[in-house]
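Okay, so here's the structure we're looking at.
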Amino acid sequence: MKSLGTVQIPQNVLDYWKSLGEIETVQYQGLEGYFSLVLNPGKSNASEWEKLRKDGASVMSKLPKKVTEIQLVNVDWDAPKALAFAEGLILADYRFDKYLTSNEKRTALQVTLLGAGSEQLVEVEIIANAVKSARNWVNEPVNALNAQGLGEVFAEMGKTLGFKVEVFGEAQIESLKMGGLLAVNKGSQEPPTFSVLEYKPSGAKNQQPIVLVGKGVVFDTGGLSLKPTPNSMDMMKCDMGGAAVVGGVFEAIAKLQWPIWLVGLVPSTDNRPGEMATCPGDIITMYDGTTVEVLNTDAEGRLILADALSFAKKYEPQLVIDYATLTGAAARTLGTYGSALMSQAPDSVVKSLKKAGENTYERLAELPLWEEYYEEIKGGIADLKNLGKGEGGAQSAAMFLRHFTSYPWAHIDIAGTAFATSASHYTPKGGTGVGVRLTLEFLRQYIHG
Ligand code: BES
Ligand code: MN
Ligand code: ZN
């Protein structure tokens, strides 16, 4: 039994919570570490939900350490607002503290919800936990999580949650002739991996799979085209942020048991300037036979993704979405406020992706795939060059990828959004887990309509 007593919430914190306009009353239950927030009813739309997530996060940030359980009482007839508040609270309840030797760790907050939305809270929690897993993988440095480690994470998850995972090692990648992945791996002391995840429930709505591809560069030094350290190489453990999206989506989908056939492909390696590293000017042969002149070894993401996109053809996919921390240009274009979408998929898919972006506030802005960008990377002394002009760099990178596709395809460049250099609201500093909520919302729409 819990001991009796009350949690002291300072008056100024209570006043602050009420000033948010979302909380009607705070009720103590007379139990230590436990109290209720009664939420105000009100209008419901995407921007309102985002305000509620932020308010949930501010409640979390000002919560006395002693509080271990919080009950939300939704007096509205409608669920989404209360769920958004709960989501913000739960997403803000995150610390990457496993390497701290001090004893400041706090256990996860237990959240319950009374009223409309109570059954959906489980779903919100599963999704938020998948976001936190994605954050964890991004936050792990390369000396703790290399390409093999990432493969093991997926294999372990498949075993626990009951879906198929196959992790190709170096020998298999060589015999498959994945020249892009092998070229990026050449300067590394550690072998590459190529993970294939498959979740195929019996009642799946789709006859052809949706394939999710994630860039799994566990660390990007730039290779011989070495990056400078300040504000550049220093953050490059985040370069497997796309792989983290794929992992997070599979974790949630398998727990939620959604009726959708999904395949995940994650090419993974570090990008290093070791002795045998690929040199600028090297010409390589990709998995599909295309030759590429590698003019800049720091444009490595497109090389490993290209092999995965070619590999995806064998599934005759209904749709392929790739997630990649691909270009600084995408980050410079949109800042940290949204990810860049470049797509060659039906309008309905683009519309649904954008809507999912608004609903989750993991917003997408579309950039064009004009043929002129393809001209930039075509030809020379090999079929393709891995480098276009500096201007429009997100689009020429995307056009490089497009060369390897033959199916409806959407490319999401998360270079500006995968890793936060400072905390804000429910997004902590470090890995953000961006893309997980977006994709699950998109898949939810797909299943329902
Ligand atoms: N991983 C980087 C892109 C990146 C930049 C991710 C900032 C996250 C934050 C990618 O591999 C890269 O180095 N891109 C180059 C490409 C260039 C050499 C054509 C870039 O954007 O500068
Ligand atoms: Mn790079
Ligand atoms: Zn990179």
Side-chain angles (χ1 to χ4, degrees), residues 138-139 142 147 150 180-181 183-188 192 213-245 266-273 277-282 292-308 322-340 342 367 373-374 376-377 384-401 411-422 429-435:
V138 170
N139 287 333
V142 66
L150 196 60
L181 180 53
V184 177
N185 182 253
K186 268 187 83 182
S188 173
V213 176
K215 173 176 174 183
V217 172
V218 283
F219 195 85
D220 183 10
T221 69
L224 287 175
S225 312
L226 198 65
K227 283 182 187 295
T229 302
N231 304 316
S232 182
M233 196 200 294
D234 43 6
M235 313 189 288
M236 280 305 135
K237 69 175 182 182
C238 79
D239 216 14
M240 34 58 71
V245 177
V266 177
S268 183
T269 176
D270 48 345
N271 182 26
R272 303 236 198 199
T278 294
C279 292
D282 279 3
V292 175
E293 186 180 10
V294 181
L295 290 172
N296 188 319
T297 63
D298 198 11
E300 84 297 341
R302 63 197 75 182
L303 298 175
I304 71 167
L305 288 169
D307 281 349
D322 79 73
Y323 305 85
T325 45
L326 200 63
T327 66
R332 284 190 296 276
T333 304
L334 302 174
T336 58
Y337 310 118
S339 307
M342 284 148 275
L367 299 177
Y373 297 118
Y374 191 56
E376 291 182 12
I377 51 133
L384 296 179
K385 301 177 275 224
N386 79 331
L387 191 62
K389 293 184 186 162
E391 299 86 359
Q395 296 92 306
S396 50
M399 286 308 258
F400 183 94
L401 299 181
H411 160 62
I412 301 179
D413 193 328
I414 55 172
T417 48
F419 195 81
T421 51
S422 60
K429 184 176 169 169
T432 62
V434 78

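Remember, it's 1-based here, ligands and their atoms both numbered in the order they're listed. What you see is a predicted model, and the numbers here were worked out from it, not measured in a lab.
Annotation: atom 12 (C) of ligand 1 to nearest protein heavy atom, Asp298 O, 3.2 Å. Annotation: atom 22 (O) of ligand 1 to nearest protein heavy atom, Gly328 N, 4.4 Å. Among all protein heavy atoms, the one lying closest to atom 19 (C) of ligand 1 is Leu387 CD1, 3.2 Å. The protein non-hydrogen atom at the shortest distance from atom 4 (C) of ligand 1 is Met236 CE, 3.8 Å. Given atom 2 (C) of ligand 1, the protein heavy atom at minimum distance is Asp220 OD2, 3.6 Å.
Backbone and side-chain nitrogen or oxygen atoms of Glu300 are examined, and one is located within less than 3.5 angstrom of a nitrogen or oxygen of ligand 1. Any N or O atom pair closer than 3.5 Å counts here, and Gly301 shares no such pair with ligand 1.
Residue-level check: among N/O/S atoms of Asp239, OD2 sits closest to the Zn ion (ligand 3). Taking the N/O/S atoms of Glu300 in turn, the shortest distance to the Zn ion (ligand 3) belongs to OE2. Within Glu300, the N, O or S atom lying nearest to the Mn ion (ligand 2) carries the name OE1.
Contacts between Lys215 and ligand 1, counted as non-hydrogen atom pairs separated by less than 4.0 Å, involve the side chain only.
Of the residues Ile412, Asp413, Leu326, the one that meets the side chain to side chain contact (heavy atoms under 4.5 Å, CB included) test with Met342 is Asp413.
No side-chain donor-acceptor contact under 3.5 Å links Lys237 to the backbone of Val138. Side chain of Asn386 to main chain of Glu300: no donor-acceptor pair is present (N/O by atom type, distance under 3.5 Å, no hydrogens or angles).
The Zn ion (ligand 3) lies at the vertex of an angle of 180° between the OD2 atom of Asp220 and the NZ atom of Lys215 (rounded to 10°).
Closest heavy-atom approach to atom 1 (N) of ligand 1 among the candidates Asn231, Asn271, Asp239: Asp239. When the heavy-atom distances from atom 3 (C) of ligand 1 to Thr221, Thr417, Leu326, Asn296 are ranked, the shortest goes to Leu326.
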Yes or no on salt bridge (Lys or Arg N to Asp or Glu O under 4.0 Å) for Asp239 and Lys215, after CA distance, side-chain angles and deciding distance?
CA-CA 7 Å; Asp239 216 14; Lys215 173 176 174 183; 3.1 Å; yes
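The Lys227 neighbourhood of ligand 1 comprises atoms 2 (C), 12 (C), 13 (O), with distances under 4.0 Å to a heavy atom of that residue. Listed by number with element, the atoms of ligand 1 under 4.0 Å from a non-hydrogen atom of Ala415 are 6 (C), 8 (C), 9 (C).
Between the Mn ion (ligand 2) and Asp298 there is an N/O/S contact shorter than 2.8 Å.
Assignment of Arg302 to the shell around ligand 1 is supported, since a heavy atom sits closer than 4.0 Å.
In summary, the side chains of Ser339 and Thr417 do present a donor paired with an acceptor at a separation below 3.5 Å, with no hydrogens or angles considered. Residues Asp298 and Ser225 have side chains that never bring a donor and an acceptor to within less than 3.5 angstrom of each other.
Here CD1 of Ile414 is found 12.5 Å from CZ of Phe419. Values are rounded to the nearest 0.5 Å. For the atom pair CG (Leu303) and CG (Leu384), the distance works out to 10.0 Å, reported to the nearest 0.5 Å.
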